[in-house]
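The structure appears below as C-alpha cells.
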Amino acid sequence: HADKPARGSLAWVIDPIDGTRAFISGMPAWGIMIGLVEDGQPLVGAVHQPFTGEVFYGDGERAWLADSSGARAIASRKIAALSDAVLYCTHPSMFSAEEMAAFDRVADACRMSRFGGDCYSYCLTALGEVDLVIESGLQPYDILPLIPILEGAGCRVTTWQGDPPLQGGQVIAAAHESLHAEAAALLRRDLGSGS
C-alpha cells in the first residue's frame, strides 16, 4: 500500500493486492487498485482483476470495463427497492457486534446477501451485477480508487453516516441514490453515536 505523503496536490493511491487473504488462499477475487487524488479528492481509479482479465476504470462521471472483447461503458443496476437487492461484504469479521446487527438488518431486507469478493464486489456493483456493498474497517487505499468507478457508473458511495468515505472506515456503496437511502437508514437505526 502506498502511504507516502504527496509533494503537491496530486497523489497516487495504490493497493497492489486488495484481498490479500483471498490471494494467499487461492481465491481469484483479489485485485490491483490504483487511484489518483487531488487534494484528497478522488479523480480517477482503476481496478485490474488478473484472474478474469478485467480492468474497471472510471473518472467519477463515467465508468468502463475493458476485457478480452474490448472496452465498454458500464452502469449500475437501477432496481426499485431494497427487497430486490443483492448485498455483498468481504467478511463478517470486519464488523463489531453492533455493526453486524446493523448489517443484518439490511441483509434481512435484501433478496440475497453473500460474503467475499473484496474489491471485486464494488466492481460488480458498478457493472450492475451486485446492488449493495456494506463494509467497515476500510483504509483509504481500500476505497479511494473505487470511488470514481462507482460514481462514474451511477452509484452512491459514502460512509454509513453519509459523508464522503475519503478516510475509509464504515462504507456503503449502492447502485443508486434511493437504494442507498433505504439501506443507510437501516444501518443507522439503533447505532450509537460512536459508530
Side-chain angles (χ1 to χ4, degrees), residues 15 17-33 45 47-56 58 63 65 67 74-139 142-143 145-147 149-151 153-160 165 168-189 191 195:
D15 191 348
I17 301 179
D18 182 84
T20 308
R21 292 176 182 167
F23 175 79
I24 62 175
S25 65
M27 179 62 70
W30 60 277
I32 300 163
M33 300 200 313
V47 177
H48 175 50
Q49 295 294 142
F51 185 81
T52 63
E54 297 168 318
V55 177
F56 295 84
L65 166 61
D67 58 19
I74 59 173
S76 59
R77 188 165 58 159
K78 306 301 186 230
I79 63 168
L82 194 59
S83 60
D84 300 318
V86 175
L87 166 65
Y88 262 77
C89 173
T90 297
H91 197 271
S93 66
M94 64 182 12
F95 298 125
S96 69
E98 186 178 33
E99 290 170 333
M100 190 73 228
F103 177 87
D104 284 341
R105 280 194 298 275
V106 178
D108 289 346
C110 289
R111 177 170 57 92
M112 179 190 323
S113 62
R114 304 291 300 162
F115 289 107
D118 296 286
C119 62
Y120 198 45
S121 298
Y122 292 93
C123 294
L124 292 178
T125 304
L127 186 59
E129 299 293 332
V130 169
D131 303 298
L132 279 168
V133 180
I134 296 174
E135 301 194 309
S136 186
L138 299 186
Q139 296 298 316
D142 291 320
I143 193 65
L146 291 162
I147 293 171
I149 300 167
L150 290 160
E151 291 180 347
C155 299
R156 174 112 163 97
V157 56
T158 69
T159 65
W160 292 15
Q170 299 171 321
V171 172
I172 175 173
H176 58 85
E177 182 68 42
S178 61
L179 180 64
H180 182 280
E182 274 190 275
L186 283 177
L187 278 176
R188 289 192 294 257
R189 194 187 83 204
L191 279 180
S195 293

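What you are looking at is a predicted structure, and each value in this text was computed from that prediction instead of being measured.
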Minimum heavy-atom distance Tyr88-Ser121, with the two atoms named: CD2-OG, 3.4 Å
Straight-line distance of Asp108 CG to Phe103 CZ, nearest 0.5 Å: 9.5 Å
Closest approach of Ser136 to Glu99 (non-hydrogen atoms, all atoms of both residues): OG-OE2, 2.8 Å
Taking every non-hydrogen atom, the tightest pair across Ala153 and Ala126: CB-O, 3.4 Å
Glu54 CD to His48 NE2 distance, which is reported to the nearest 0.5 Å: 10.0 Å
Flag side-chain contact, heavy atom, 4.5 Å: Leu82 against Leu179: yes
Atom pair CD1/CE of Ile17 and Met33 - distance to nearest 0.5 Å: 12.0 Å
Between CZ on residue Arg156 and CG on residue Leu150, distance to nearest 0.5 Å: 12.0 Å
Side-chain heavy-atom pair Glu182, Leu186 within 4.5 angstrom cut-off: no
Pair Leu146-Val157, side chain to side chain contact (heavy atoms under 4.5 Å, CB included): steps then yes or no: CA-CA 9 Å; Leu146 291 162; Val157 56; over 6 Å; no
Heavy-atom closest pair, residues Ala85 and Asp131: CA-OD2, 3.4 Å
4.5 Å side-chain heavy-atom contact, Thr125 and Leu132: no
Non-hydrogen side-chain atoms of Leu187 and Arg105 separated by less than 4.5 Å: no
Aromatic ring pairing His91/Phe115, orientation class (parallel under 30°, perpendicular over 60°, tilted between): tilted
Any side-chain heavy-atom pair of Leu138 and Met94 under 4.5 Å: yes
Close side-chain approach of Ile79 and His176, heavy atoms under 4.5 Å: yes
Side chain to side chain, Tyr122 and Ile149, heavy atoms closer than 4.5 Å: no
CG on Leu87 to CZ on Arg114, rounded to 0.5 Å: 11.0 Å
Nearest-0.5 Å distance, CG of residue Leu124 to OG of residue Ser76: 12.5 Å
Side chain to side chain, Cys123 and Glu129, heavy atoms closer than 4.5 Å: no
Residues Cys155, His180; criterion side chain to side chain contact (heavy atoms under 4.5 Å, CB included); working and verdict: CA-CA 9 Å; Cys155 299; His180 182 280; over 6 Å; no
Non-hydrogen atoms of Gly168 and Thr159 that approach each other most closely: O-CG2, 4.3 Å
Audit row: Trp30, Phe51, side chain to side chain contact (heavy atoms under 4.5 Å, CB included) steps and yes/no: CA-CA 8 Å; Trp30 60 277; Phe51 185 81; 5.7 Å; no
Shortest non-hydrogen separation from Trp160 to Glu135 and the atoms involved: NE1-O, 3.2 Å
